[in-house]
**Student:** 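Let me begin by handing over the structure; questions about it come next.
Numbered from 1 within each chain, the chains take letters A, B, ... in sequence-line order.
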Protein chains: 2
Amino acid sequence: MSAAAPSVVPANSSAPRDTARIYSIAELAREFGITARTIRFYEDEGLIKPRRQGLTRLYSAGDHTRLGWILRGKRLGFSLAEIKELLDLYHVDRTGNQQLRELLRRSRLHIAELERRMRDLDAHIAEFREVETQVAAELEARGVDPESDD
Amino acid sequence: MSAAAPSVVPANSSAPRDTARIYSIAELAREFGITARTIRFYEDEGLIKPRRQGLTRLYSAGDHTRLGWILRGKRLGFSLAEIKELLDLYHVDRTGNQQLRELLRRSRLHIAELERRMRDLDAHIAEFREVETQVAAELEARGVDPESDD
DNA sequence: CGCCAACTTGACGTTTACGTAAACGTAAAC
DNA sequence: GTTTACGTTTACGTAAACGTCAAGTTGGCG
């Protein structure tokens with residue numbers, strides 16, 4: 001491995017902000033714990049569009065953020081198709097009133113969906129906290145140290 | 001269709017409580033908005049085990065609850081395998097100290113996972129609320145009624 | 001009795017989200 | 001110069017979660 005910190009960022013003062021950072025596909029893969037294949041697949045599906053230098057893909061800070069967003073969406077149980085829709089929501093043309101109203105409508109719909117999930121999640125958490133409490137109490141009553149490993 | 005409002009709860013006091021209710025597979029499917037095929041699939045995967053009367057499946061109130069739980073898990077983005085694991089957590093043997101400690105450990109792990117999802121969800125909701133606010137403000141500034149359809 | 005509606009068990013098809021392998025280019029390292 | 005590391009495309013494979021027939025059974029109804 002030999003460190004190989006690929007800081008492509010020049011030590012210059014004017015530019016090398018975090019926002020100017022460029023990532024290779026392997027870097028992104030490592031950082032997010034996915035494979036390069038996955039990232040290319042997301043590109044095939046139209047979720048990311050990295051710059052190209054010849055054939056090689058170059059990912060900007062924006063792509064980095066976008067990928068993080070995608071993976072968060074996945075953790076929340078959205079399909080890639082849904083995530084693409086949501087991403088596109090951001091980048092929709094916002095000049096026309098009709099467009100804006102549609103964006104508002106979609107946003108509200110999505111928020112409602114998220115709030116439904118929030119309620120599901122609350123219920124789920126409450127149940128497992130209940131289990132935790134009960135079991136901890138039972139162990140306590142038995143005089144057992146809940147943390148010990150034997 | 002003929003209405004068929006499923007308030008089967010008799011006004012009787014003694015026996016046929018809601019907990020004694022028995023459901024057919026089609027009833028469950030209708031109520032939860034899934035197909036009978038799905039329910040049978042869950043059974044194949046070991047997520048539900050309805051009684052049988054001959055070949056026909058009979059679902060108890062417990063099965064009903066269980067199915068609701070499964071679907072909530074799905075909405076939260078858990079796989080059927082994960083959901084099965086979680087369901088089994090409840091029904092684990094709770095006699096031994098070692099078993100109890102394991103249950104406690106697993107519960108805590110799962111709660112941590114749920115809390116991570118909660119943070120994801122919070123972040124997601126915050127972003128979309130932001131969009132909503134911005135867009136609503138923009139429409140307001142333009143003197144457009146956000147609700148009108150033209 | 002015939003018939004329909006609702007149930008059953010296979011078995012194969014489909015979509016999603018990637019994994020895996022082949023075959024190749026490029027560029028630094030030994 | 002060739003190995004090593006990383007990149008590329010193309011293409012087929014696969015696991016999960018069902019959908020979609022096909023073919024048979026069962027219970028009630030006119």
Side-chain angles (χ1 to χ4, degrees), chain A residues 1-8 22-60 63-64 66-87, chain B residues 1-4 6 8 22-60 63-64 66-87:
Chain A
M1 302 281 171
S2 76
S7 60
V8 187
I22 286 175
Y23 304 82
S24 74
I25 194 168
E27 273 180 306
L28 279 188
R30 267 196 303 276
E31 179 173 346
F32 287 106
I34 58 183
T35 70
R37 172 70 180 88
T38 298
I39 300 179
R40 291 193 199 100
F41 178 75
Y42 291 167
E43 184 175 346
D44 288 343
E45 298 296 303
L47 294 177
I48 333 180
K49 258 188 231 307
R51 263 171 55 213
R52 293 271 186 149
Q53 179 179 283
L55 285 184
T56 305
R57 294 163 171 86
L58 299 181
Y59 297 87
S60 69
D63 293 326
H64 180 274
R66 200 176 172 88
L67 183 54
W69 205 94
I70 292 168
L71 296 175
R72 197 179 67 195
K74 282 212 58 188
R75 285 198 301 273
L76 291 174
F78 291 102
S79 74
L80 292 187
E82 288 170 317
I83 291 171
K84 178 170 162 51
E85 264 203 83
L86 296 176
L87 280 172
Chain B
M1 301 276 169
S2 78
V8 188
I22 286 175
Y23 304 82
S24 76
I25 194 168
E27 271 179 309
L28 278 188
R30 267 195 306 276
E31 178 173 346
F32 286 107
I34 59 183
T35 69
R37 173 69 180 87
T38 299
I39 300 179
R40 291 194 199 99
F41 178 75
Y42 291 166
E43 183 174 346
D44 288 343
E45 297 299 301
L47 294 176
I48 332 180
K49 258 189 231 306
R51 263 173 53 214
R52 295 268 185 151
Q53 178 179 285
L55 286 183
T56 305
R57 293 163 173 87
L58 298 181
Y59 297 87
S60 70
D63 293 327
H64 180 275
R66 201 175 169 90
L67 182 54
W69 205 93
I70 292 169
L71 296 176
R72 197 178 69 195
K74 284 213 58 188
R75 285 197 301 273
L76 291 175
F78 291 102
S79 74
L80 292 187
E82 288 170 317
I83 291 171
K84 178 170 160 51
E85 264 203 82
L86 296 175
L87 280 171

**Student:** Go through B/I39 and B/Y59 one step at a time and tell me if the side chain to side chain contact (heavy atoms under 4.5 Å, CB included) criterion holds.
**Tutor:** CA-CA 11 Å; B/I39 300 179; B/Y59 297 87; 3.4 Å; yes
**Student:** Which heavy-atom pair separates B/F32 from B/G68 by the least distance, and what is that distance?
**Tutor:** CE2-CA, 3.7 Å
**Student:** Under 3.5 Å, is there a donor-acceptor pair between the side chain of A/D63 and the main chain of A/S60?
**Tutor:** yes
**Student:** Under the side chain to side chain contact (heavy atoms under 4.5 Å, CB included) criterion, do B/L80 and B/K74 qualify, and how do the steps go?
**Tutor:** CA-CA 7 Å; B/L80 292 187; B/K74 284 213 58 188; 3.9 Å; yes
**Student:** Under the side chain to side chain contact (heavy atoms under 4.5 Å, CB included) criterion, do A/R51 and A/R57 qualify, and how do the steps go?
**Tutor:** CA-CA 6 Å; A/R51 263 171 55 213; A/R57 294 163 171 86; over 6 Å; no
**Student:** Anything under 30° is parallel, anything over 60° is perpendicular, the rest tilted; go ahead and classify A/H64 against A/Y23.
**Tutor:** parallel
**Student:** Pick from B/K49, B/R66, B/R52: which one makes a salt bridge (charged side-chain N to carboxylate O under 4.0 Å, His left out) with B/E43?
**Tutor:** B/R52
**Student:** How long is the span from the CZ atom in B/F41 to the CD1 atom in B/I34, to the nearest 0.5 Å?
**Tutor:** 12.0 Å
**Student:** Please list every stem that involves DNA chain C, where a stem is a run of 3 or more consecutive Watson-Crick or G-U wobble pairs with both pairing distances under 3.5 Å.
**Tutor:** C:1-30 with D:1-30
**Student:** Mind calculating the distance between CG (B/L58) and P (D/dT26) to the nearest angstrom?
**Tutor:** 15 Å
**Student:** Scan nucleotides 9-23 of chain C nucleotide by nucleotide, 5' to 3', and note B when protein non-hydrogen atoms come under 4.0 Å of the base, S if they reach only the sugar-phosphate, - if neither.
**Tutor:** B-B-----BBBB---
